[in-house]
Amino acid sequence: MRDCFMMDELLDAWEETYKKGQLTFWVFLALKEGNKCVEDIKDFVEKVSKGSMSCEEQSLYRTLRKFQNLAIVAYENRKVSKGPDRKYYYLTANGSLLFRRFIERNILIFSDNSIINLLNK
C-alpha cells in the first residue's frame, strides 16, 4: 500500500513538471488551428488534451504577452456583441516557423518505429 502511495506521489510530481513545460506547445497548437481569444485557447487546450492539461487565463495572458514581445505571436482586436473589443491571437510567420521546427526536433521523433516499439513493449 505504501509503495502504491509513493508511486502516485512520484507520478504526480513528474506530471506537474511535465505540464509546466507543455504550455507553450499547447498554446501554439491552439493558434495553429486558427486565431483565438484567451478563453478559446483555454477551452482548446482542455478539450484537445482530453482534460490532462489545463491552464489559468492569467498564465495564458502572461505567456501571450511574452510571445508578443518576441514577435512570435500577435493579435487583432475584434468587436464582440457585448463589452469591449476582444483580442484574437495568432502565430506570426516567425511563430509558425518556430513551432514547425520544434515539432520536427521534439515531437516527430515519437513516430519513429523504434520508439513506438519501446512505448508498446
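Residue numbers start at 1 and run along the sequence shown.
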Checklist entry - Hey, mind stepping through Ile72 and Leu91 against side chain to side chain contact (heavy atoms under 4.5 Å, CB included) and telling me if it holds? => result CA-CA 6 Å; Ile72 54 179; Leu91 292 174; 5.9 Å; no
Checklist entry - Is there a chain of hydrophobic side chains (I, L, V, M, F, W, Y, each step under 4.5 Å between heavy atoms) that links Tyr75 to Ile41? => result yes
Item to check | hydrophobic_cluster_shared for Leu60 and Tyr90, side chain cutoff 4.5 Å | outcome: no
Item to check | Candidate pair Leu23 and Val45, rule side chain to side chain contact (heavy atoms under 4.5 Å, CB included), full reasoning | outcome: CA-CA 9 Å; Leu23 182 59; Val45 169; 5.7 Å; no
Would you tabulate the side-chain donor-acceptor contacts of residues 96-106 under 3.5 Å, counting partners in other chains and residues two or more places apart, or write 'none'?
unit_1: Ser96; atom_1: OG; unit_2: Thr92; atom_2: O; d: 3.3
unit_1: Asn106; atom_1: ND2; unit_2: Phe102; atom_2: O; d: 3.2

Checklist entry - Quick one: are Phe25 and Ile107 in side-chain contact, heavy atoms under 4.5 Å? => result yes
Item to check | salt bridge (Lys or Arg N to Asp or Glu O under 4.0 Å) partners for Glu76, two or more places apart | outcome: Arg78
Next on the checklist: Suppose we screen for salt bridge (Lys or Arg N to Asp or Glu O under 4.0 Å). Which residues come up paired with Asp85, at least two apart in sequence or across chains?
Outcome noted: Lys79
Item to check | Audit row: Cys55, Trp26, side chain to side chain contact (heavy atoms under 4.5 Å, CB included) steps and yes/no | outcome: CA-CA 10 Å; Cys55 44; Trp26 287 103; over 6 Å; no
Item to check | Gap between atom CG of Leu64 and atom NZ of Lys36 - 0.5 Å precision | outcome: 12.5 Å
Next on the checklist: Test of understanding: with ring pair (Phe, Tyr, Trp, His ring centres under 6.0 Å), list the residues that count as partners of Phe67, not counting sequence neighbours.
Outcome noted: Phe28
Checklist entry - Could you state the interatomic distance from CZ (Phe44) to CG (Leu31), rounded to the nearest 0.5 Å? => result 9.0 Å
Checklist outcome for this item: Applied to residues 55-70, the side-chain hydrogen bond (donor to acceptor under 3.5 Å, both in side chains) test, sequence neighbours excluded, yields Ser59-Arg62
Checklist entry - Where is the tightest heavy-atom contact between Tyr88 and Cys37, given as atom of each residue plus distance? => result CD2-N, 3.5 Å
Item to check | Distance in Å, Leu118 CG paired with Asn113 CG, rounded so as to fall on 0.5 Å steps | outcome: 11.0 Å
Checklist entry - Who pairs with Glu46 by salt bridge (Lys or Arg N to Asp or Glu O under 4.0 Å), at least two apart in sequence or on another chain? => result Lys42
Checklist outcome for this item: Heavy-atom nearest pair, Val80 first then Arg86, reads CG1-CB, 3.8 Å
Checklist entry - If you group Ile, Leu, Val, Met, Phe, Trp and Tyr by side-chain heavy-atom gaps below 4.5 Å, do Ile109 and Leu119 land in one group? => result yes
